[in-house]
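Below: one structure, written as structure tokens.
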Protein chains: 2
Amino acid sequence: MTATRSTRQRDVIAQVLGRAPGPLAVTEIFELAQGDLPGLGIATVYRTLKLLTGQGQIHPVTLDGETLYEASGKGHHHHFSCNHCGRVFTLHTCPVTLPSGTVYPGGFVVEAHEVTLYGQCPDCAGSQPG
Amino acid sequence: MTATRSTRQRDVIAQVLGRAPGPLAVTEIFELAQGDLPGLGIATVYRTLKLLTGQGQIHPVTLDGETLYEASGKGHHHHFSCNHCGRVFTLHTCPVTLPSGTVYPGGFVVEAHEVTLYGQCPDCAGSQPG
DNA sequence: TTATGTGCAAAAGCTTTGCGTTCTA
DNA sequence: TAGAACGCAAAGCTTTTGCACATAA
């Protein structure tokens with residue numbers, strides 16, 4: 001079978017995602033991880049992201065055409081993308097109630113949902129009102 | 001200034017998007033448009049999609065890591081992605097009520113929202129129940 | 001006519017893969 | 001010490017750009 005080893009690279013990448021306030025782009029993960037582990041290669045980042053995704057430890061989120069990654073196991077949540085600074089935040093409240101099995105008009109059986117809100121994050125809303 | 005001409009290529013691409021039941025991938029647009037206009041080049045498709053997007057006639061939707069395009073002006077709507085056949089449909093009902101200006105816990109000012117539902121489309125729900 | 005738009009092919013980005021070396025277990 | 005994982009560089013894709021020719025106005 002396939003043995004999966006624990007390496008410094010994997011730990012660092014998992015930690016970077018674990019302490020992020022929201023999903024991160026591959027480039028961001030790469031740069032942050034290099035801060036903890038100079039010499040890290042981008043190929044390792046891609047390989048590790050794929051591995052961790054396969055293991056369910058993290059998962060991809062596509063926003064505005066970019067693929068971001070975030071740690072799993074943070075419960076049901078959604079995202080807020082700031083139209084001003086571009087940062088993406090994790091929201092722990094959910095604006096919809098759609099139990100699995102809900103049947104939508106037209107006969108669409110809902111199993112899951114994804115919501116993204118766009119607007120001004122607290123920082124941007126405070127500094128440039130109006 | 002910049003004059004924008006009407007060409008057969010642009011008409012065909014706009015028509016393809018206009019009659020689609022949901023957003024399409026660049027490759028799909030390319031193939032469908034070639035059916036109407038053999039010889040069409042992929043570069044023209046990309047250029048036209050960018051042009052139409054800039055004009056607001058169409059807009060990109062990113063789903064499952066892929067960038068799809070759909071015609072604008074179809075009113076407020078969302079998408080349903082079938083977990084079985086992979087097709088994406090347009091839904092004309094909205095499961096959330098978030099007037100622009102709604103302030104979310106944490107101080108996030110909501111200006112817009114995007115919802116994607118995942119599950120079984122009518123065709124797939126009917127043919128393989130359980 | 002003229003300069004916008006097109007197709008082709010080269011270039012540019014991003015992601016994956018091959019391979020010799022390093023390091024976990 | 002065996003083979004999983006790494007870093008580097010080459011290869012693959014998708015998207016963009018350069019250019020000469022075609023075409024809308």
Side-chain angles (χ1 to χ4, degrees), chain A residues 1-18 20 23-70 81 86 88, chain B residues 1-18 20 23-70 81 86 88:
Chain A
M1 70 161 279
T2 306
T4 295
R5 296 179 179 173
S6 166
T7 67
R8 183 122 178 65
Q9 286 82 347
R10 290 178 185 172
D11 290 348
V12 166
I13 291 170
Q15 278 168 33
V16 163
L17 286 166
L24 301 176
V26 176
T27 303
E28 295 174 310
I29 296 167
F30 181 44
E31 291 171 355
L32 288 169
Q34 276 196 319
D36 290 358
L37 187 57
L40 174 67
I42 187 69
T44 296
V45 174
Y46 279 107
R47 276 189 285 236
T48 300
L49 291 176
K50 183 164 284 190
L51 174 76
L52 297 178
T53 297
Q55 295 180 335
Q57 288 190 234
I58 65 174
H59 59 97
V61 181
T62 314
L63 235 78
D64 305 312
E66 238 200 335
T67 299
L68 312 177
Y69 288 84
E70 68 182 353
S81 175
V88 176
Chain B
M1 70 162 280
T2 306
T4 295
R5 296 179 181 174
S6 167
T7 67
R8 182 123 179 64
Q9 288 81 348
R10 289 178 186 173
D11 291 349
V12 166
I13 291 171
Q15 279 168 33
V16 163
L17 287 167
L24 302 175
V26 176
T27 303
E28 295 174 310
I29 296 168
F30 181 43
E31 291 171 355
L32 288 169
Q34 277 196 318
D36 290 357
L37 187 57
L40 174 68
I42 187 67
T44 296
V45 174
Y46 279 108
R47 276 188 285 234
T48 301
L49 291 175
K50 184 164 283 190
L51 174 77
L52 297 178
T53 297
Q55 295 180 335
Q57 290 190 231
I58 66 174
H59 59 97
V61 181
T62 313
L63 235 78
D64 304 313
E66 239 199 334
T67 299
L68 311 177
Y69 288 84
E70 69 181 352
S81 175
V88 176

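Note that the structure is a prediction, hence the values are computed from the model and not measured. Letters A, B, ... mirror the listed sequences (proteins, then strands); counts begin at 1.
Regarding B:R47, its CZ atom lies at a distance of 18 Å from the P atom of D:dT14, rounded to whole Å. One interatomic measurement links the two molecules: NZ of B:K50 to P of D:dT14, which rounds to 17 Å at whole-angstrom precision. Remark: C1' of C:dC14 and OH of A:Y69 are 12 Å apart, rounded to the nearest angstrom. Residue A:Q55 contributes atom CD, which lies 13 Å from atom C1' of D:dA4 at whole-angstrom precision. Put simply, CG on A:D11 is 9 Å from P on C:dA25, counting in whole angstrom units. Distance B:I13 CD1 to C:dG7 C1': 13 Å, rounded to the nearest Å. Atom CZ in B:R5 sits about 11 Å away from atom C1' in C:dT6, given to the nearest Å. One interatomic measurement links the two molecules: CG of A:L49 to C1' of D:dC6, which rounds to 15 Å at whole-angstrom precision.
A:Q9 has no side-chain polar atom (N or O) that falls below the 4.0 Å cut-off from OP1 or OP2 of C:dC23. Contact annotation: B:T7 side-chain N/O to C:dT4 OP1/OP2 distance is not under 4.0 Å.
A pairwise comparison of heavy atoms in A:R5 and A:R10 identifies O-NH1, 3.0 Å as the closest pair.
Across all strands, A:R10 comes closer than 4.0 Å only to sugar-phosphate atoms, never to a base (heavy-atom distances). Nucleic acid contact for A:L40: sugar-phosphate only, since backbone atoms but no base atoms lie under 4.0 Å from a heavy atom of the residue.
A 4.5 Å side-chain heavy-atom check between A:Q55 and A:T4 finds at least one atom pair inside the cut-off.
Along DNA chain D, the nucleotide nearest B:V26 and the nucleotide nearest B:R8 are compared for position; the residue whose nucleotide lies closer to the 5' end is B:V26.
Annotation: the span from A:L49 atom CG to A:Q57 atom CD amounts to 11.5 Å, rounded to 0.5 Å.
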Next item on the list: Could you go through the side chain to side chain contact (heavy atoms under 4.5 Å, CB included) check for B:I42 and B:V26 one step at a time?
Entry: CA-CA 9 Å; B:I42 187 67; B:V26 176; 4.1 Å; yes
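Side-chain proximity of A:T48 to the nucleotides C:dA25, C:dT17, D:dC6 is greatest for D:dC6.
The side chain to side chain contact (heavy atoms under 4.5 Å, CB included) test with A:I29 singles out one residue from A:V45, A:T48, A:L68, and that residue is A:V45.
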